[in-house]
Structure formats: C-alpha cells, structure tokens
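Heads up, the thing below is written out as structure tokens.
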Amino acid sequence: NSTRRGSKDSASPSGGNNLSSSPTAGASKPQDLRRHVVLVTPLLVLVLLNIVMLVGQLVCEDKIDECRDLIFFHPTGRINRNSRFVLFLSMMQWLQAWTGLFPDWFVALTRETKSIWMRAASSIVIFLLVPASLLRLAVWFVKPAGIGVVQHFVGLRHHLVDSVLVIGWSLWMLLASVMIVRPGALKHSGFSPRIIRDDSSWKHLCTLFKYTLFFWQIAHFVRGCIALGPAHAQNDLIAITVLYPMLLCLIWTVTFIAVVLSRYSQDLRRTHLGAAAGLIMLLGVSYMLCAFVDRGDQPLLVTFVWLHLNRQALRIVRRWSRFVSLSQTGTKGEASRDRKVSVSFALDPKGNKELRRTYAVERKLGRVAIRVLLLICASFCAILATCVLMAGLQQRAGLFLTDVVWWRQLQEGSGVEVVNSKASVLHLHWANASLVESSQVLDPSVAVARPEDAPHYAVCGHKWHGLQLVDYALMSLVTYMDPEEKNGLPRLLGMLFPHKQVTIRRVSASGERRWLELEVRTCSGDTERGGDGGNRSCREVTVVAVSGTDVTRITDYAENLRMWTEPVALQILSTVFPTVRIWPRDTTAMVIGGIHSILKSMDVQDDQWHYRVILEHVKRMPADREVVITGHSLGGGIALVIGALAGRLAVAMQPPGVYHSLAKHQVQHHVAADVDSAQGFAAHKVALHRRSVS
C-alpha cells in the first residue's frame with residue numbers, strides 16, 4: 001500500500017473499504033489509483049516474465065549451442081529450472097497474499113461479476129488448469145527431471161507445460177484482480193484496511209507469506225535429496241536463494257516505478273503504454289551503445305546498460321514533472337509541497353514499537369557484515385593491483401635474477417648437488433656410484449638403488465606410464481633451472497636418470513613461465529639379461545614439466561593470488577556465513593563457475609593465465625601419444641588444471657588444491673564448463689579425480 005506522507009488512509013465511518021473509488025470510501029482518487037497499481041503491477045511483471053521464459057525456451061530448444069550464453073533459456077539447465085520454480089513460488093506467494101487481502105474473493109467474483117471474460121476464465125480454471133496443475137504437481141514431487149533430462153507430460157515437454165500452467169494461473173489472477181477492485185465486487189470481498197493497519201493482522205499475513213516460501217523451498221530440497229542426491233539439491237537451493245531475491249527486487253522496483261508514474265497522470269492505461277514504449281526504446285538504445293563498442297553480443301552487459309538508462313530516465317521524468325508543476329503554480333511554496341509527495345511503506349518500521357526494536361539491530365548487523373566484506377575485497381584488490389603493477393615494472397626493467405637454482409656434480413661422481421638460492425641444498429647420491437661412469441655396464445639401471453636398499457613408502461611402488469613418483473619429482477626439479485647451455489640440463493638429466501634416455505624436445509620461450517617438454521625412452525628386453533638386444537623393446541613417454549613459484553618474480557605472486565582467489569574467498573566468507581562450510585564440491589564449483597560465467601557474459605576478460613601456451617601445446621599433441629603433465633607447487637597446480645582441460649594425466653607435487661578453483665578454468669575454456677551439462681560435468685570429474693595424482 002502506498003500513501004502521501006502526512007495523509008491518513010482511514011476507512012469510511014460505515015466500515016466500508018478504502019480501495020473503492022466511491023466518495024464514501026474516504027480515499028482520494030490518486031490514492032485509489034496507486035492502490036490499483038500496487039495490486040496489478042506485480043502480476044503483470046510475473047505474466048511478462050513467464051511469457052519471455054516460454055518464448056525463450058521455444059527458441060533455444062533446438063539451438064542449444066547458439067543459446068549457450070542465454071542460461072535462463074536453456075530448457076533443461078539448472079538456471080532455467082530454478083527460474084521456473086522461482087516464478088512459480090512468487091505466484092504462490094502472491095496468491096496467498098491476495099487471498100489474505102480478499103478473504104471472501106470467491107463470493108465477490110461469483111455474486112457481483114457479470115463479465116463474460118471472468119466466466120470464461122473461471123471455466124478454464126475449473127475444468128483445465130486445476131486438474132492439469134494437480135497432476136503436474138504430483139509428477140513434479142514423485143519424479144524430478146534433473147539436469148539434462150526432458151520429460152513428457154500429455155505429449156508436451158515438461159518445461160513448456162510448467163511455463164504454460166504458470167502463465168495461465170497468473171493471467172487468471174490478473175483478471176480476478178481487475179474485477180475484484182470494482183465497487184460492486186469489492187464490498188463482498190472481505191477487504192478491510194484493518195488487515196494492513198492492525199499489527200496482529202499484518203503480522204499474520206507476513207508470517208503466512210514467509211511460510212509459503214519456506215514450505216516450497218523445503219519441499220524442493222527434500223525431493224531433490226531423495227531423487228537426485230544432497231549435492232544436486234544443495235546446488236538448486238543455492239540457485240534459488242540467489243534468484244528469488246533478484247525476482248522480488250525486480251517486481252517491486254517495477255511496482256515502485258509504476259506508482260511514481262501514476263502520480264503524474266490519472267490515465268493509468270496511457271501511463272503504462274508510455275512506460276512500455278519507453279522501455280522498448282531504451283532497450284534498443286542500450287543494444288546500439290553496446291554494439292558501437294563491439295559488445296552487442298553480450299546480453300547481460302546490454303541488460304545492465306538498459307537498467308542504468310531506465311534509472312536515469314526515471315530521474316528525468318521526476319525532475320521534468322517538478323519543473324512543469326513549478327511552471328503551472330508559479331510559487332515555490334506549492335512546488336515544495338509537491339516535492340514532499342513520495343511513496344512510503346504501508347507500515348513504517350520507525351513508527352511501529354515492535355519493528356523499531358528489531359529493525360535497527362538487523363540493519364546494524366547487515367551494515368557490519370557488508371563493511372567487513374567490502375574491506376576484505378578492497379584489501380585483496382589493493383594487494384593484487386600492487387603485485388600486477390610491480391610485476392609490470394619488473395618485466396619492463398628486466399630486473400630478474402638468473403640461476404636462482406643451480407646444480408653441480410659431487411666429487412668422484414658420487415651424486416648431484418642442487419642449490420636453491422643458497423637457502424637449501426639437496427644432495428642426491430647413487431647407491432652404486434662406481435658403476436655410473438663405467439662403460440662396461442650395458443644396463444645403467446643397476447646404478448639405481450634396489451627397493452630393499454632404501455626406505456620404502458606405499459606410493460613408491462606405483463607407476464604412471466612406466467615412471468615412478470620420484471621420476472616426476474626430479475623432472476619438476478629441473479624446471480626451476482634456466483634452460484641455458486651453460487647449465488647443462490641434458491647432462492643433469494642423464495645423471496638423474498641413468499637407466500632411461502631423457503631428451504629435451506622443447507623449452508619455454510623468453511618471458512614465459514619456465515617449462516620443458518621431455519621425451520623419456522625406457523627400453524627393456526634382452527639387454528636386461530645381457531643379450532645382444534635383438535628382442536629389445538622401447539617405450540616413449542612425453543612429459544611436460546612446469547616450474548613452480550620463482551621467489552624472485554613478482555608475477556608469480558600475482559598468479560598465485562589469481563589462481564586461488566575463490567577458495568580463499570569462500571573460506572573467509574564461511575566465517576560470516578558458516579553454512580558455506582557444508583557446501584559439497586559441486587555447489588562450490590557451481591558458484592565459482594557462475595561468477596565467472598557472469599563476468600564472461602559482461603565481456604570482462606579474466607582468462608590470461610601463465611599456462612595458456614602450455615595448454616595449447618598439449619592440445620596439439622597426437623591423441624595416441626602418451627603424455628603426462630607434472631610440476632611442483634604452483635607448477636603442480638597448473639599441471640592439474642592443464643591435465644583436466646586437455647584430458648591428460650597430471651602428476652603434481654605439493655600443489656595448491658584445485659578442487660574448487662578448477663571450475664573457473666572450465667568456464668573460460670569451454671571444457672565441461674557448464675555445470676548444467678550432466679555428461680560434461682561427469683567427464684571432467686573423471687579427468688580430475690581418477691586420472692590425476694597430487
């Protein structure tokens with residue numbers, strides 16, 4: 001309900017209602033008009049949104065690839081399913097509130113309404129909508145569809161049936177609202193201003209409104225847990241928790257604008273038609289502005305520009321109205337009185353004793369939570385911006401230290417010493433050092449310690465493409481060294497792998513993250529038994545080794561921050577909202593992937609990673625070649641990401657976890673990026689968890 005400030009919205013002395021335009025109702029014509037707007041506009045928004053949803057589904061049903069970015073219209077996607085549920089939920093809440101305001105609505109519509117349209121609509125509701133809705137609701141409870149599943153209901157696809165049923169009910173409620181506000185029907189509807197003005201009645205109405213939300217959310221969650229699993233149900237619940245407030249804000253923002261516009265014109269039809277024409281015109285202007293900068297194919301970006309233009313247009317209309325009013329009155333006093341006219345709540349929290357006590361506390365807690373989150377975000381952005389700026393300066397000035405990690409052969413050829421910035425020293429010794437340089441030994445593998453001669457761990461016996469974990473660890477170690485001739489990496493590899501033939505096939509270009517493509521050739525056969533090698537067989541494996549964090553390169557610090565921003569942010573967020581800690585992995589991946597999908601749809605570029613060149617190189621390798629990606633620390637995390645995106649095995653040493661952060665890389669590279677794709681999501685889970693090792 002909306003009123004002029006300082007006016008009293010009271011009932012007539014005879015106990016009649018004030019929603020009528022009758023002079024005895026005690027309400028002025030502008031107030032009566034605004035009440036009609038508040039009653040009808042939310043239903044108009046729901047009807048239009050459902051129609052848009054239906055048309056979008058029909059268009060995108062056979063054009064899944066072309067509508068990849070229009071996630072709201074993907075017929076069997078999670079966002080589409082939950083959007084349809086939120087529209088249904090909003091309709092049910094509005095129906096509950098509508099029946100609370102007009103408790104005797106059935107009597108009013110049947111006794112006083114003589115319209116043929118209402119009779120036809122009532123017949124359709126009784127003989128078509130009610131049985132079809134009950135049957136569809138039963139199927140919805142018993143047999144959930146899930147992601148990527150299409151069910152048929154009376155020969156039609158279930159998502160089309162859902163949209164048609166909700167549109168039908170919304171249209172009937174819209175027609176009933178128009179009919180019930182007529183004076184003849186309103187007096188039999190049971191409406192009374194006391195329903196809004198009385199604290200107990202208003203509290204009862206609001207409580208039912210919230211219970212309607214909780215009931216359908218719990219029902220949706222329970223059916224999802226039983227049929228599709230807790231992770232699937234949790235994902236849906238998170239999506240609904242995000243979509244529902246957005247829809248609520250949209251509906252009441254449009255309603256507020258309609259109420260404001262109704263103050264300037266008593267012709268409601270002309271005002272709404274003018275507003276609709278203005279919205280369409282501004283939408284075209286928004287598209288042209290985005291297309292002018294080559295961003296017309298980004299629907300979300302066009303939408304944000306459109307909303308901004310709508311806000312500015314509303315401000316212009318209000319200022320123009322004040323100017324016209326000032327010109328007509330010619331006095332500042334009357335103009336100032338017009339300025340005080342504004343929309344206010346039917347129940348002002350500051351004017352209610354009970355609400356005043358809780359309202360301030362809730363707002364303070366909300367402010368504190370928002371300020372903490374903003375402080376965290378600002379601190380992170382400042383640190384990241386500083387790292388990026390300093391990294392750019394370092395790159396431009398060439399202030400890099402070389403040979404931070406180097407090696408040398410120990411005396412008498414007993415092993416290798418690897419030094420890291422003189423802070424740590426690694427000594428590697430051979431068990432049979434005297435045999436390493438011996439030309440009499442045909443098989444150099446005898447220089448490698450036997451399992452019984454060294455401490456044994458369970459993982460040491462495992463092999464991936466014929467290589468043990470220690471082999472991948474040594475290859476990861478080599479990538480920390482500059483691949484220059486003076487460092488003698490081929491000789492070092494020969495000493496580290498005396499029983500194998502390791503060849504460097506490719507090194508990283510200058511300015512890139514250091515990485516090596518190694519070809520590992522392992523031969524077996526008669527050679528092991530001292531034969532002439534006639535039955536000798538060899539196996540070749542390509543190993544792509546990625547270096548980890550170089551402490552002297554600031555760009556590596558920035559890459560670490562960017563690669564693992566989301567998991568850290570979620571951990572911080574969980575301190576404010578503890579329920580985040582119980583999210584399953586699929587839910588976290590959906591949230592992270594959704595954030596980056598939104599950024600991508602707004603054409604915000606966030607896909608320039610250090611691994612990009614390596615990933616493109618690995619993807620170009622023949623599918624039948626044995627390829628393994630390995631690395632340590634940051635390099636290990638990059639190896640896991642490349643392995644998941646390229647479908648290759650990754651063996652990572654002490655990597656930061658990519659359990660959560662992998663989702664954003666999938667979104668950016670279109671590799672099982674869409675969490676709405678059941679097959680694709682299952683495929684990348686296999687690549688991540690069953691084929692890769694960390």
Side-chain angles (χ1 to χ4, degrees), residues 1-7 28-46 48-49 52 245-293 295-296 298-346 348-350 363 366-367 370 374 598 602-603:
N1 192 12
S2 56
T3 62
R4 292 181 184 270
R5 293 194 184 188
S7 64
S28 64
K29 189 174 181 179
Q31 290 175 334
D32 182 58
L33 177 63
R34 289 197 292 273
R35 296 188 188 103
H36 292 180
V37 170
V38 173
L39 187 65
V40 173
T41 303
L43 288 173
L44 278 174
V45 176
L46 284 177
L48 291 176
L49 289 177
V52 171
M246 292 173 60
L247 177 62
L248 203 63
C249 292
L250 174 63
I251 290 175
W252 291 112
T253 300
V254 174
T255 304
F256 174 81
I257 294 174
V259 171
V260 171
L261 293 177
S262 68
R263 290 167 38 200
Y264 307 122
S265 175
Q266 301 301 319
D267 191 343
L268 187 61
R269 182 178 302 177
R270 186 175 62 182
T271 302
H272 281 180
L273 289 177
L279 292 175
I280 296 174
M281 182 184 68
L282 290 177
L283 181 60
V285 173
S286 303
Y287 174 77
M288 288 189 292
L289 288 174
C290 293
F292 181 74
V293 293
R295 298 295 185 271
Q298 305 293 337
L300 189 60
L301 186 61
V302 174
T303 302
F304 277 112
V305 174
W306 179 59
L307 293 175
H308 175 71
L309 292 180
N310 287 333
R311 180 176 180 271
Q312 298 303 319
L314 179 61
R315 296 180 65 182
I316 292 174
V317 169
R318 299 182 71 175
R319 291 178 180 178
W320 174 258
S321 175
R322 291 173 183 173
F323 174 75
V324 172
S325 176
L326 179 62
S327 301
Q328 291 176 351
T329 58
T331 60
K332 295 184 178 180
E334 295 186 11
S336 62
R337 284 198 300 270
D338 183 73
R339 258 187 218 103
K340 295 181 181 178
V341 177
S342 60
V343 179
S344 61
F345 294 106
D348 187 5
K350 297 181 180 179
R363 288 180 66 87
R367 289 194 189 100
I370 292 175
L374 290 177
I598 293 174
M602 295 180 64
D603 206 37

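Between Cys290 and the options Val285, Val305, Thr303, a side chain to side chain contact (heavy atoms under 4.5 Å, CB included) holds for only Val305.
Between Asn310 and Ile257, the closest side-chain pair of non-hydrogen atoms is not below 4.5 Å. Inter-residue side-chain proximity for Leu49 and Leu247 is flagged as met; some heavy-atom pair is nearer than 4.5 Å.
In this structure, CG on Leu314 lies 12.5 Å from CG on Leu309, to the nearest 0.5 angstrom.
No donor-acceptor pair under 3.5 Å is formed between the side chain of Thr41 and the backbone N or O of Thr255.
In the displayed structure, Trp252 atom CH2 is contacted under 6.0 Å by more than 12 heavy atoms of other residues, nucleotides or ligands.
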For residues 276-284, run the donor-acceptor check on the side chains, cut-off 3.5 Å, and write out each pair with its distance to 0.1 Å, sequence neighbours left out.
none

